[in-house]
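Step one of this worksheet: look at the structure below.
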Amino acid sequence: MRHLLLTFILACGIYGICSGQTLEAALKADSLSRSYSDRYLFSESIECLETAVPVYEELSYMRELADAKYRLGDMYCMKGQYHLTLGYTVDALRIYEAEKDTYNILKCYNSLAQIYYICEEYESSSRYLELFGEGAIMLQDTTLLIKMLNNKAVLAGANADTALTDRYITECLELTRSSGDEEVWLNVLMNLLPVALNVHNINDSIPTALYRLLNGAESIAERLDDINISGRYFSTIGLCHYMTGEYSKAAEEYNKAVGYFSKGEFELYLNECYTRLHHIYMHLGNMENAYSSLLKAHGIDSAMGTKSMYISLFKYENELMLSHQLELLAHKKNRQNVLLMSAILVLLLLTILAIIYFYRRAIRIQAKEASLNNRNDIIKLKELQQSKMDSMMQETVSRLTRMSYHFNDEALHKEIAAVCSDLKEAISTENWKEIDQFVPEFNSTFFVKLLKDFPDLSLNERRLCVLLNMNLTTKQIAEITKQSPHSIDIARFRLRNKLGINDRTVSLQAFLSKYNH
């Protein structure tokens with residue numbers, strides 16, 4: 001036994017050490033992934049982070065697992081692999097929902113709104129954006145509110161709703177300006193200017209105002225010293241020059257953007273820049289650079305796969321997820337239907353049982369009423385018969401008594417008196433015997449239990465107990481037995497003493513009722 005215990009402790013220790021080492025390796029991989037991500041080296045960052053995910057999952061480090069999956073979704077979006085973005089973001093969302101982490105739930109909503117927008121699923125994008133907006137308003141978080149207005153402007157622009165686009169652009173600019181955050185301000189300008197150009201002419205007031213603000217923010221881009229921000233800044237300025245027909249300036253700005261994007265893994269941005277440069281050089285008549293730009297754009301497409309392929313994969317993944325959700329809903333609905341049908345069947349069964357119970361009870365009550373009615377009829381009949389018999393016997397006693405007066409023989413007087421006494425005793429005995437013929441309780445459980453406790457009760461006392469248990473009054477008993485009420489009261493008094501009832505508050509009927517069960 002001791003050896004088994006030591007083996008178990010050693011195994012647990014080894015497992016703990018291995019688990020600790022595995023977790024430590026996962027945390028190091030996670031940290032290295034963040035370092036690569038900060039330098040926009042997404043492939044290396046993804047590779048490191050994907051080694052940490054199964055460890056977090058195995059050890060149930062749910063917060064770390066959710067954060068890792070969210071970041072993987074974000075990086076795969078930068079790589080243009082939208083189906084993977086969708087899968088990881090939804091996984092992260094489910095964990096955050098289980099953890100009730102409101103802030104990160106909203107981040108997932110925002111990411112899903114963006115990915116659905118990129119893949120031109122505008123209805124789904126709008127739905128998640130509404131959820132994101134409701135949460136941002138609830139938390140009153142300025143950064144989240146700015147993102148909400150920014151994304152609503154983007155979505156309105158995609159739907160070509162000029163009035164709504166202008167409204168969200170104006171509100172977003174006002175809120176961003178009040179925040180005082182230079183990085184957020186610059187990002188908002190770079191996001192909103194292409195949106196404004198989608199619904200306005202380049203010379204309209206809103207695009208002109210946005211271009212003027214963005215053109216004056218170059219110093220902010222320089223101070224931030226971020227290749228992503230700098231590359232996007234110059235590509236946005238280049239877009240404005242392209243829209244106004246200033247192709248040489250546009251080429252210059254786009255080449256600056258390419259220089260920054262080439263320092264990291266920005267294949268999507270580079271593809272966009274090279275495609276735009278191809279058109280610009282075509283306008284300038286520079287066929288060599290136009291061809292070179294086209295080759296580079298094609299090379300990026302070949303390396304990362306075409307956008308349409310990843311959008312198709314995204315839609316396929318989305319359909320699988322929706323199908324799974326529909327299956328879960330159908331299973332839940334079927335389960336609810338089964339529970340409902342079961343409840344209805346149980347209720348029906350209980351109703352039937354209740355009907356049967358009350359029906360039988362009604363029959364028993366009717367039978368009891370009929371029995372009581374029959375008993376009352378019998379009692380009345382017996383009372384009439386007994387009355388006639390009593391009258392006849394009383395008349396016989398009277399006649400014998402009168403006859404004895406005509407004889408002087410003392411012995412004969414004594415004999416006639418004895419006969420009259422026997423007749424009177426017979427009248428009393430017969431009265432009680434008559435009760436045996438119409439009181440079935442003499443053979444009942446009550447009678448058996450009573451005799452078990454009080455075996456010395458006389459026959460008349462037993463009969464009196466039965467009549468009292470029938471809740472008959474002294475007067476009714478006197479009528480049945482053809483005795484005076486006074487005689488019944490004396491009999492009741494003697495019966496109380498014999499049953500040992502000393503408490504005056506306890507009636508004979510109440511005492512006897514306990515033998516009914």
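As the structure is a prediction and not an experimental result, all values here were calculated from the model.
- Partners of S45 according to the side chain to side chain contact (heavy atoms under 4.5 Å, CB included) rule, which considers only residues two or more places apart in sequence or in another chain, are S33, Y36, S37, M75.
- Residues passing the salt bridge (charged side-chain N to carboxylate O under 4.0 Å, His left out) test with E171 are R167, sequence neighbours excluded.
- Interatomic distance, E252 CD to I237 CD1, rounded to the nearest 0.5 Å: 12.0 Å.
- Applying the side chain to side chain contact (heavy atoms under 4.5 Å, CB included) test to R360 and every residue at least two apart in sequence or in another chain returns I356, R364.
- Residues satisfying the ring-ring contact (aromatic ring centres under 6.0 Å, His included) test with Y274, not counting sequence neighbours, are none.
- A donor-acceptor pair shorter than 3.5 Å cannot be found between the side chains of E272 and S235.
- Taking H279 as the reference, nothing meets the ring-ring contact (aromatic ring centres under 6.0 Å, His included) condition, with sequence neighbours excluded.
- Within the structure, every pair that satisfies the side-chain hydrogen bond (donor to acceptor under 3.5 Å, both in side chains) test and touches residues 172-185, not counting sequence neighbours, is listed here: E182-R223.
- Listed by first then second residue, pairs satisfying ring-ring contact (aromatic ring centres under 6.0 Å, His included) with a partner in residues 84-103 read Y76-Y88, not counting sequence neighbours.
- When the ring-ring contact (aromatic ring centres under 6.0 Å, His included) test is applied to Y260, the partners found at least two apart in sequence or on another chain are F234.
- In this structure, D30 pairs ionically with R34, as a charged nitrogen and a carboxylate oxygen lie closer than 4.0 Å.
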Taking distance alone, no hydrogens or angles, what donor-acceptor pairs closer than 3.5 Å link side-chain atoms of residues 133-140 to residues at least two apart or in another chain?
from: Q140; atom 1: NE2; to: I137; atom 2: O; distance (Å): 2.7

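- Every side chain to side chain contact (heavy atoms under 4.5 Å, CB included) that N201 has, sequence neighbours left out, goes to N203, D204.
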Please table the atom pairs, donor to acceptor, closer than 3.5 Å between any side-chain atom in residues 189-196 and protein atoms at least two apart or in another chain.
from: N191; atom 1: OD1; to: R232; atom 2: NH2; distance (Å): 2.8
from: N191; atom 1: ND2; to: N150; atom 2: OD1; distance (Å): 3.4
from: N191; atom 1: ND2; to: N187; atom 2: O; distance (Å): 3.1

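- Residues satisfying the side chain to side chain contact (heavy atoms under 4.5 Å, CB included) criterion with V199, sequence neighbours excluded, are T162, T165.
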